[in-house]
Q: 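Provided herewith is a single structure, encoded as structure tokens, for subsequent inquiry.
Here is the naming used below: chain letters follow the sequence lines, and residue numbers restart at 1 for every chain.
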2 protein chains.
Amino acid sequence: MRHRHRSGHQWWDGRFRGCGYRITVPRQVILDALSKTNEHLSAEDMYLKVHKIHPGIGLTTVYRTLEILVGIGLLSKFDFGDGRARYELAEGPKGERHHHHMVCTSCNRVIDYTDFIDEEKDLLNKAEKGLSKKHNFKINGHSIQFYGLCSKCS
Amino acid sequence: MRHRHRSGHQWWDGRFRGCGYRITVPRQVILDALSKTNEHLSAEDMYLKVHKIHPGIGLTTVYRTLEILVGIGLLSKFDFGDGRARYELAEGPKGERHHHHMVCTSCNRVIDYTDFIDEEKDLLNKAEKGLSKKHNFKINGHSIQFYGLCSKCS
DNA sequence: GCTGTTAATGGAAATCATTTTCAATAAGAA
DNA sequence: TTCTTATTGAAAATGATTTCCATTAACAGC
Ligand SMILES: [Mn+2]
Ligand SMILES: [Mn+2]
Ligand SMILES: [Zn+2]
Ligand SMILES: [Zn+2]
């Protein structure tokens, strides 16, 4: 009964195989863990989480897997200024999860928000067009974040 | 004649002394170098640049000075994803230099732009107000950057 | 289901940016 | 000039991420 979720195919199976990657136990476990959290985990966070159930999985493999997932666009990688990279599912079974972040400069808490996303999209589209024309720069993505103090720290 | 610029007071003198810091040769040299470039230098870039004229100045001091300058708001510190922090004068003798960045994911070139800054400001103000109300988050700053391919790489 | 090829794994060692330590030096108040 | 103490620079330490490499496991083809 346990681990039943690992028998059949997963929503990311196709994408994964399509890129020529093998589906291995560590990769399934890591993807599972990512699917079940909405935190912004670091590689080590991930390792510790996974390690409780699967002590065999090494930190190196976690790093490698995260890098692959970023590479095929399933994961987003962030730097929130605390000296380690943090990751978050870019796309779930239901589709995109586009949002931006507020980072507390005191306790490092990261808060997702989707407010103003529509207005942002307008501006970003406009900017992307204008900038790619004016500076001849082909824009593929963007990153926006606010820094400040969260409710508990202010 | 050379180094005359270091005799008198500089535009940053007051701010610097006001924070209780001593004005030392390494600090003057580093600030001078920063004033004369519009690149986005890393600590090591800075060290190498300064080292040509002042071989005595150590990398440690460069790191320390940059950190102080960020602390008092004279410098902005960025992470453009190439594994090292990069710095740029936040404020010149003439005042603010607010702008955002486009980062080439192929050659790591960083391009400043000020286009759409006004529209951005409107959106950011609106967002800051809305978010601080809704999420009870006190916003002090933001970071926006576009990623893509520069003219030479696309 | 077995087999062979080869990608994937994990522990140890290496890397690399940044920080810490500490004895020597220099800024600036008096 | 003198005295106090912040600042400096070399070397060592740190900590996240990568690289090495011998072993293991996916899975395509039988
Ligand atoms: Mn998020
Ligand atoms: Mn800039
Ligand atoms: Zn906080
Ligand atoms: Zn480029």
Side-chain angles (χ1 to χ4, degrees), chain A residues 3 6-10 12-14 16-31 40-72 75 77-87 108, chain B residues 6-10 12-14 16-31 40-48 50-72 75 77-87 108:
Chain A
H3 307 314
R6 261 202 272 114
S7 28
H9 289 229
Q10 300 290 329
W12 42 264
D13 254 56
F16 212 76
R17 279 218 170 77
C19 294
Y21 292 113
R22 294 180 179 175
I23 293 185
T24 69
V25 171
R27 285 168 183 179
Q28 287 174 310
V29 170
I30 289 169
L31 233 6
H40 303 85
L41 300 168
S42 67
E44 194 182 11
D45 291 342
M46 194 72 243
Y47 169 71
L48 292 174
K49 197 176 273 267
V50 149
H51 193 262
K52 289 178 192 159
I53 315 280
H54 300 268
I57 297 178
L59 180 56
T60 306
T61 298
V62 172
Y63 271 106
R64 270 187 301 230
T65 302
L66 293 175
E67 220 41 52
I68 288 173
L69 294 175
V70 169
I72 65 180
L75 265 197
K77 182 178 185 178
F78 296 99
D79 167 56
F80 293 129
D82 66 344
R84 66 200 61 194
R86 295 190 169 274
Y87 303 82
N108 288 320
Chain B
R6 260 203 272 112
S7 28
H9 289 229
Q10 300 290 328
W12 41 263
D13 254 56
F16 212 77
R17 281 219 167 77
C19 294
Y21 292 112
R22 292 180 180 176
I23 293 184
T24 68
V25 171
R27 284 168 184 181
Q28 288 174 310
V29 170
I30 289 170
L31 232 6
H40 303 85
L41 299 169
S42 67
E44 195 183 10
D45 291 342
M46 194 73 241
Y47 169 71
L48 292 174
V50 148
H51 194 262
K52 289 178 192 160
I53 315 280
H54 299 268
I57 296 178
L59 181 56
T60 307
T61 297
V62 172
Y63 272 106
R64 271 186 301 228
T65 302
L66 293 175
E67 219 42 52
I68 288 173
L69 294 176
V70 169
I72 64 180
L75 265 197
K77 181 179 186 177
F78 296 100
D79 168 56
F80 293 129
D82 66 344
R84 66 201 61 196
R86 295 189 170 275
Y87 303 82
N108 288 320

Q: Side-chain N or O of A:Thr60 versus OP1/OP2 of C:dG11: is the shortest distance under 4.0 Å?
A: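 No, no such contact exists.
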Q: Tell me, with the steps shown, if B:Arg27 and B:Ile68 meet side chain to side chain contact (heavy atoms under 4.5 Å, CB included).
A: CA-CA 10 Å; B:Arg27 284 168 184 181; B:Ile68 288 173; 3.4 Å; yes
Q: Please determine whether a side-chain nitrogen or oxygen atom of B:Arg17 lies at a distance below 4.0 Å from atom OP1 or OP2 of C:dA27.
A: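 No.
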Q: When you measure from the side-chain N and O atoms of B:Arg22 to the phosphate of D:dT8, is any distance below 4.0 Å, counting only OP1 and OP2?
A: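 No, because none of the side-chain N or O atoms of B:Arg22 sits under 4.0 Å from OP1 or OP2 of D:dT8.
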Q: Once you round it to whole Å, what is the distance between P of D:dT7 and CD1 of B:Ile57?
A: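 From B:Ile57 CD1 to D:dT7 P: 15 Å.
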Q: For B:Arg17, which residues count as a side-chain hydrogen bond (donor to acceptor under 3.5 Å, both in side chains) partner, sequence neighbours excluded?
A: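 Testing B:Arg17 for side-chain hydrogen bond (donor to acceptor under 3.5 Å, both in side chains), a comparison that skips the adjacent residues, returns B:Asp13.
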Q: Distance check needed: D:dA28 C1' versus A:Ile23 CD1, whole Å only.
A: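 Between C1' of D:dA28 and CD1 of A:Ile23: 15 Å.
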Q: Taking CD1 from B:Ile68 and C1' from C:dA27, how many angstroms apart are they, rounded to a whole number?
A: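 From B:Ile68 CD1 to C:dA27 C1': 14 Å.
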Q: Rounded to whole angstroms, how far apart are CZ on B:Arg86 and P on C:dA17?
A: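 Going from B:Arg86 (CZ) to C:dA17 (P), I get 11 Å.
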Q: Taking OP1 and OP2 of D:dT18, is either one under 4.0 Å from a side-chain nitrogen or oxygen of A:Tyr63?
A: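 So the side chain of A:Tyr63 is outside the cut-off, no N or O lying under 4.0 Å from OP1 or OP2 of D:dT18.
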Q: For residues A:Thr61 and A:Pro26, report the shortest heavy-atom separation together with the two atoms involved.
A: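 Minimum heavy-atom separation between A:Thr61 and A:Pro26: CG2-CB, 3.8 Å.
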Q: To the nearest Å, give me how far apart OH (B:Tyr21) and C1' (C:dA27) are.
A: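 Distance check: B:Tyr21 OH to C:dA27 C1' gives 16 Å.
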Q: If I take atom CG in residue B:Asp79 and atom C1' in nucleotide C:dA17, what distance separates them, rounded to the nearest angstrom?
A: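 So the CG-C1' distance, B:Asp79 to C:dA17, works out to 12 Å.
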Q: Both A:Gly20 and B:Leu59 contact DNA chain C. Taking the nearest nucleotide for each, which residue is further toward the 5' end?
A: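 Here A:Gly20 is the residue nearer the 5' end.
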Q: Tell me the interatomic distance from B:His9, atom NE2, to C:dG28, atom C1', rounded to whole angstroms.
A: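 These atoms are roughly 12 Å apart.
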Q: Pair B:Val70, B:Leu66 - check side chain to side chain contact (heavy atoms under 4.5 Å, CB included), show working.
A: CA-CA 6 Å; B:Val70 169; B:Leu66 293 175; 5.5 Å; no
Q: Considering only side-chain heavy atoms of B:Thr24, which listed nucleotide, D:dT8, C:dT18, D:dG9, is closest?
A: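 My answer, after comparing the listed nucleotides, is D:dT8.
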Q: Check each of B:Asn108, B:Asp45, B:Asp79 against B:Arg86 using the side chain to side chain donor-acceptor pair (under 3.5 Å) test, and report the only one that passes.
A: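 So, applying the side chain to side chain donor-acceptor pair (under 3.5 Å) to B:Arg86 and each of B:Asn108, B:Asp45, B:Asp79, only B:Asp45 qualifies.
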Q: Among D:dT8, C:dG10, C:dT18, which nucleotide sits nearest the side chain of B:Ala85?
A: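 Looking only at heavy atoms from C-beta outward on B:Ala85, the closest nucleotide is C:dT18.
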Q: Check every atom of C:dG28, C:dG10, D:dG9 against the side chain of B:Arg64 and return the nucleotide holding the closest atom.
A: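 My answer, after comparing the listed nucleotides, is D:dG9.
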Q: For B:Glu67 and C:dA17, give me the distance from atom CD to atom P, rounded to whole Å.
A: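 My rounded result for the distance is 16 Å.
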